[in-house]
Student: 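Next up is a structure, given as structure tokens.
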There are 2 protein chains.
Amino acid sequence: MAILDATNELLHAHGLEQLSIEAVAARAGVGKQTIYRWWPNRAVLVADALLERDDLGPAAPADTGDVFADLGRWAGHLAASLGSPRGAATLRMLTAAATDDEETSRRLHEKFSGPLQEQANARLAAASDLPATAAQRRNAVDAIIGFMVFRVLAHQQLTRRGATEMARSVLRGLQAG
Amino acid sequence: MAILDATNELLHAHGLEQLSIEAVAARAGVGKQTIYRWWPNRAVLVADALLERDDLGPAAPADTGDVFADLGRWAGHLAASLGSPRGAATLRMLTAAATDDEETSRRLHEKFSGPLQEQANARLAAASDLPATAAQRRNAVDAIIGFMVFRVLAHQQLTRRGATEMARSVLRGLQAG
DNA sequence: CACCAAACGAGACGCTGCGTCTCGTTTGGT
DNA sequence: ACCAAACGAGACGCAGCGTCTCGTTTGGTG
């Protein structure tokens with residue numbers, strides 16, 4: 001859809017603050033009513049546009065037999081994606097759009113964090129040497145994701161190496177429990 | 001300041017979205033110019049107002065000799081604060097205000113996460129049985145905080161017990177490293 | 001006490017963008 | 001060939017923006 005493309009362009013050109021429905025309509029060569037027909041508000045439109053280019057989020061972690069290495073690498077890839085200028089900007093704008101509207105927030109986490117949770121959790125569950133409950137696994141994965149989200153939102157550095165080490169450390173805690 | 005009080009009331013009554021400078025001025029019995037004289041934009045005003053009532057964030061963790069118990073309890077208190085309806089709403093609005101403006105974001109994390117990092121890190125550093133580097137300690141604390149922030153932003157449950165267990169698990173990983 | 005400059009409450013101003021509403025015009029299915 | 005649904009365009013009234021003048025307190029100085 002030309003509307004989503006125009007929204008993406010304007011978002012990365014001028015930021016979420018400056019984005020007006022009128023500007024999107026003009027850029028997309030579209031009537032305002034067409035936008036309002038398909039999206040109830042700006043937050044939903046922004047979320048759709050940013051999620052359309054789903055270059056966030058890595059592929060599912062491999063299974064080499066070493067959970068620590070597999071999820072460490074997976075976390076590293078995720079950090080590289082979220083830590084890049086474009087990835088960080090996207091994550092921040094998604095967060096802002098999500099705080100505008102609870103429904104949007106649910107859809108966003110269903111589409112972004114949900115798959116991440118599932119990927120990591122599946123790999124964790126397949127590791128027979130980690131005697132963790134489902135709740136403990138979920139906590140650990142949320143800690144890994146939360147760490148990165150927090151670092152990005154706080155404008156603190158998020159490196160591939162740092163995320164990898166952090167993920168391994170959290171998993172070690174799971175093992176030691 | 002009456003302006004900050006009025007902002008707080010309107011924020012918790014109608015949400016960040018609905019907050020207009022004009023409404024704050026009217027509620028506070030103040031001219032608009034007075035607000036613009038002291039705050040450059042809405043994000044800064046909102047951050048100041050929400051941070052004025054700094055009932056977020058627990059006291060520094062005790063030192064009973066058991067790091068796991070101390071920081072577990074500390075994390076539990078923090079979770080109870082951030083997980084309460086009012087705390088969660090405050091955290092979400094602060095996040096939204098911070099994504100509007102990078103300068104505000106820095107000030108916010110300096111005033112909110114900074115002290116938390118410092119508290120937890122000091123207690124960690126005092127634990128002689130945790131052979132962690134400064135970077136590893138910082139990672140662990142950011143993971144604990146990030147976990148809670150992420151849970152709140154995602155509208156997922158954040159309980160005192162869950163946060164306590166999660167913090168202990170992360171610290172165990174620090175020990176096992 | 002008298003003075004004065006700085007900050008104040010009030011609100012007018014032009015402007016941008018909102019969300020709704022008509023227009024007449026494609027367009028795709030029957 | 002027809003028709004209803006979706007479309008591009010843009011007019012409309014409205015809310016709130018940020019700036020700008022007004023007199024009017026107010027607190028410090030002489």
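Chain letters run A, B, ... following the sequence lines, proteins first, then strands; residues in each count from 1. Owing to the predicted nature of the structure, the values given are computational and were not obtained by experimental measurement.
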Student: Does any residue of residues 16-32 of chain B have a heavy atom under 4.0 Å from DNA chain D, and if so, which ones, in number order?
Tutor: B:Ser20, B:Ile21, B:Glu22, B:Lys32

Student: In whole angstrom, give the distance that lies between atom CZ of B:Arg42 and atom P of D:dG18.
Tutor: 10 Å

Student: Measure the spacing between CG of A:Leu50 and CD of A:Glu52 and express it to the nearest 0.5 Å.
Tutor: 9.5 Å

Student: Nearest 0.5 Å, what's the CG-OG1 distance between B:Leu45 and B:Thr7?
Tutor: 4.0 Å

Student: Are any of the side-chain nitrogens in A:Asp48 or A:Arg107 under 4.0 Å away from the carboxylate oxygens of its partner?
Tutor: yes

Student: Are B:Phe147 and B:Val170 packed together at the side-chain level, in the sense that at least one heavy-atom pair is separated by less than 4.5 angstrom?
Tutor: no

Student: Minimum heavy-atom separation for B:Leu153 to A:His109, with atom names?
Tutor: O-CE1, 3.6 Å

Student: Can you tell me how far apart CZ (A:Phe68) and CD (A:Gln175) are? Round to the nearest 0.5 Å.
Tutor: 4.0 Å

Student: Roughly how far, to the nearest 0.5 Å, is CG of B:Leu78 from CD of B:Gln119?
Tutor: 9.0 Å

Student: Round to the nearest Å and state the distance from B:Trp38 atom CH2 to C:dA7 atom C1'.
Tutor: 9 Å

Student: Could you provide the dot-bracket string of DNA chain D, using ( ) for intrastrand pairs, [ ] for crossing pairs and | for bases paired to another strand, with Watson-Crick or G-U pairs below 3.5 Å?
Tutor: .|||||||||||||||||||||||||||||

Student: Within less than 4.0 Å of OP1 or OP2 of C:dA7, is there a side-chain N or O belonging to B:Arg37?
Tutor: no

Student: Counting side-chain heavy atoms from CB outward, which of D:dG8, C:dC8, D:dC17 is closest to B:Tyr36?
Tutor: D:dC17

Student: Provide, to the nearest angstrom, the distance between the CD1 atom belonging to B:Ile3 and the C1' atom belonging to C:dA7.
Tutor: 12 Å

Student: Nearest 0.5 Å please: distance from the CD1 atom of B:Ile144 over to the CD atom of B:Gln117.
Tutor: 9.5 Å

Student: Classify the side chain of B:Gln33 versus the base of C:dC8 as yes if they form a donor-acceptor pair under 3.5 Å and no if they do not.
Tutor: no

Student: Once you round it to whole Å, what is the distance between C1' of D:dG18 and CH2 of B:Trp39?
Tutor: 17 Å

Student: Whole angstroms only, please: what is the CG-P distance between A:Leu10 and C:dG17?
Tutor: 12 Å

Student: What are the two closest heavy atoms between B:Gln136 and B:Pro131, and how far apart are they?
Tutor: OE1-O, 4.3 Å

Student: D:dG10 P sits how many Å from A:Ile35 CD1, rounded?
Tutor: 15 Å

